[in-house]
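Encoded as structure tokens, the structure appears first; notes follow it.
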There are 2 protein chains.
Amino acid sequence: MVAREPSETRILSVASEHLRLHGLRRFTVVAVAEEAGMTHANVYRYFPSRVALVDAVVDVWLKATERRLADIADGPDPAEDKLERLILALAKANRDLLHEDPHLFAALSQAVAKRHAISRRNRARVRALFERVIDDGIATGAFEPRDRDRAIAFVIDATHRFIHPAALELEADVPQESVDARLSTLIRVALRTLATGVI
Amino acid sequence: MVAREPSETRILSVASEHLRLHGLRRFTVVAVAEEAGMTHANVYRYFPSRVALVDAVVDVWLKATERRLADIADGPDPAEDKLERLILALAKANRDLLHEDPHLFAALSQAVAKRHAISRRNRARVRALFERVIDDGIATGAFEPRDRDRAIAFVIDATHRFIHPAALELEADVPQESVDARLSTLIRVALRTLATGVI
DNA sequence: AAAATGACATAATTTGTAAAATGTCATTGC
DNA sequence: GCAATGACATTTTACAAATTATGTCATTTT
């Protein structure tokens with residue numbers, strides 16, 4: 001158990017593992033520090049608080065997800081395709097997290113519910129991606145909403161159920177295929193709505 | 001403090017008052033019984049458990065709300081109008097409860113989250129109202145969805161953010177006018193979608 | 001000088017126990 | 001016979017003490 005990584009990275013990866021395995025409740029700075037081969041005081045050199053450490057772990061996931069979304073948003077494809085893939089990718093990322101790493105999902109869920117800075121910023125950046133794609137669609141004539149801001153709010157509100165952690169938890173036990181079908185319908189309506197200037 | 005009401009009714013109204021004033025945490029069968037002028041054992045003659053008593057209180061509100069919704073759904077107006085009013089009334093009922101009786105809202109929220117029978121049944125009945133109005137619209141030609149079931153799921157999914165307690169809590173501090181505007185947009189899109197057979 | 005520590009004050013959690021609440025039922029009173 | 005009770009077992013909650021964790025900082029180590 002030799003620490004080759006620099007301390008900050010090592011703490012973060014141990015914290016990540018610890019959170020995934022034991023969950024928020026049993027996540028302690030002391031335990032993480034011990035597993036990282038240092039005293040807990042040293043952890044505070046790199047992370048200002050326990051909450052900040054947990055948020056840093058969540059943020060790694062958020063940023064990785066954002067990167068994948070940005071790749072979609074910045075791609076060369078038509079805005080319609082990009083918007084559909086953006087929504088599907090975001091919904092899938094959150095839904096997969098719920099099933100594959102429930103503890104990390106719970107930490108994310110809390111950060112969102114308590115409006116932590118990482119979640120507010122993530123939300124702003126993801127929203128910016130939606131705006132970018134919709135603006136792209138408007139520029140190319142694929143979308144023709146009467147009111148651009150209203151159109152953006154519409155897309156976000158309509159898809160809320162399939163994207164927001166609190167909403168996803170409610171449907172954890174609904175068969176994925178059924179959820180997929182409903183989301184697919186919603187996306188079709190959203191795209192059609194943006195294209196035909198109903199808003 | 002003479003009990004004119006029959007016991008069951010009296011227990012229920014005392015319980016209702018107690019929940020509204022003190023909240024779920026401090027709601028005890030013993031306290032309710034005392035305030036109703038009887039021993040707690042007697043409460044169990046009418047309600048099988050503490051949870052059942054709380055649920056009964058919530059159910060009174062749910063049923064009253066359902067009645068108002070049913071009045072809309074069964075009215076003589078065009079299906080489009082009725083669907084719009086149905087959504088607005090349901091959203092407003094839940095949102096008003098959140099602000100005017102937070103304790104009762106919290107109890108409702110829990111019943112929904114834990115899938116209590118009262119909430120599942122309420123959900124089924126409210127859904128039936130939506131189905132009725134949409135079927136009405138299909139019968140009169142106002143709505144022409146390709147797939148009726150898909151259309152119903154779409155309306156419920158799209159409006160989720162403005163109706164579900166868990167979603168409403170997230171936006172408790174957003175100005176009502178802003179929420180109203182967004183909901184209004186969503187309803188317009190939903191009506192247009194149903195009318196034009198996109199689904 | 002940067003990294004890490006030990007020692008410390010404060011805050012949160014756990015543990016054990018007393019008190020109170022939930023839920024049951026045989027009996028009482030109307 | 002129906003409503004209500006008192007007595008009781010079981011489950012929760014409330015409280016206090018002890019333990020553990022969080023967060024700070026002067027000092028040591030590399």
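Throughout, protein chains are lettered first and strands after them, A, B, ... in sequence-line order, and every chain is numbered starting at 1. Every value quoted in this text rests on a predicted model; they were computed, and no experiment measured them. Scope of the values below: all heavy atoms of this structure, side chains included, with no hydrogens, waters or symmetry mates.
At whole-Å resolution of the value, CZ in A/Arg25 and P in C/dA12 are 15 Å apart. Between A/Arg45 atom CZ and D/dT29 atom C1' there is a gap of 12 Å when expressed in whole angstrom units. What separates CE of A/Met38 from C1' of D/dT22 is a distance of 17 Å, to the nearest Å. As rounded to whole Å, 15 Å separates atom C1' of D/dG23 from atom CD1 of A/Ile11. For B/Arg26 and C/dA20, the CZ to C1' distance is 15 Å, given to the nearest whole Å. Computed from coordinates, the B/Leu24 CG to D/dT13 C1' distance equals 15 Å when rounded to whole Å.
Looking only at side-chain heavy atoms (C-beta outward), B/Arg127 and B/Ile152 come within less than 4.5 Å of each other.
When heavy atoms are screened at a 4.0 angstrom cut-off, A/Phe47 is found touching no nucleic acid atom at all.
Checked for salt-bridge contact, B/Asp55 and B/Lys114 miss the test: no charged N lies under 4.0 Å from a carboxylate O. Look at B/Glu84 and B/Arg188 and you find no salt bridge, because none of the NZ, NE, NH1 or NH2 atoms lies under 4.0 Å from a carboxylate O. A salt bridge links B/Glu171 to B/Arg182: one of the charged nitrogens lies within less than 4.0 Å of a carboxylate oxygen.
Applying a 4.0 Å cut-off to non-hydrogen atoms, none of the residues of residues 104-114 of chain A approaches DNA chain C.
The minimum heavy-atom distance linking A/Ala36 with A/Arg10 is given by the pair O-NE, 3.3 Å.
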Can you list the steps and then say if B/Arg85 with B/Asp77 is a side chain to side chain contact (heavy atoms under 4.5 Å, CB included)?
CA-CA 10 Å; B/Arg85 288 169 53 207; B/Asp77 315 281; 3.1 Å; yes
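Screening B/Arg121, B/Arg123, B/Arg125 for a salt bridge (Lys or Arg N to Asp or Glu O under 4.0 Å) involving B/Glu66 leaves a single residue, B/Arg125.
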Which protein N or O atoms sit under 3.5 Å from an N or O of nucleotides 22-29 of chain C?
{"unit_1": "C/dT22", "atom_1": "OP1", "unit_2": "B/Val29", "atom_2": "N", "d": "2.8"}
{"unit_1": "C/dT22", "atom_1": "OP2", "unit_2": "B/Val29", "atom_2": "N", "d": "3.0"}
{"unit_1": "C/dT22", "atom_1": "OP2", "unit_2": "B/Val30", "atom_2": "N", "d": "3.0"}
{"unit_1": "C/dG23", "atom_1": "OP2", "unit_2": "B/Tyr44", "atom_2": "OH", "d": "3.1"}
{"unit_1": "C/dG23", "atom_1": "OP2", "unit_2": "B/Arg50", "atom_2": "N", "d": "2.6"}
{"unit_1": "C/dG23", "atom_1": "N7", "unit_2": "B/His40", "atom_2": "NE2", "d": "3.3"}
{"unit_1": "C/dG23", "atom_1": "O6", "unit_2": "B/His40", "atom_2": "NE2", "d": "3.0"}

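Inspection of the B/Glu169 and B/Ser109 side chains reveals an N or O donor paired with an N or O acceptor under 3.5 Å.
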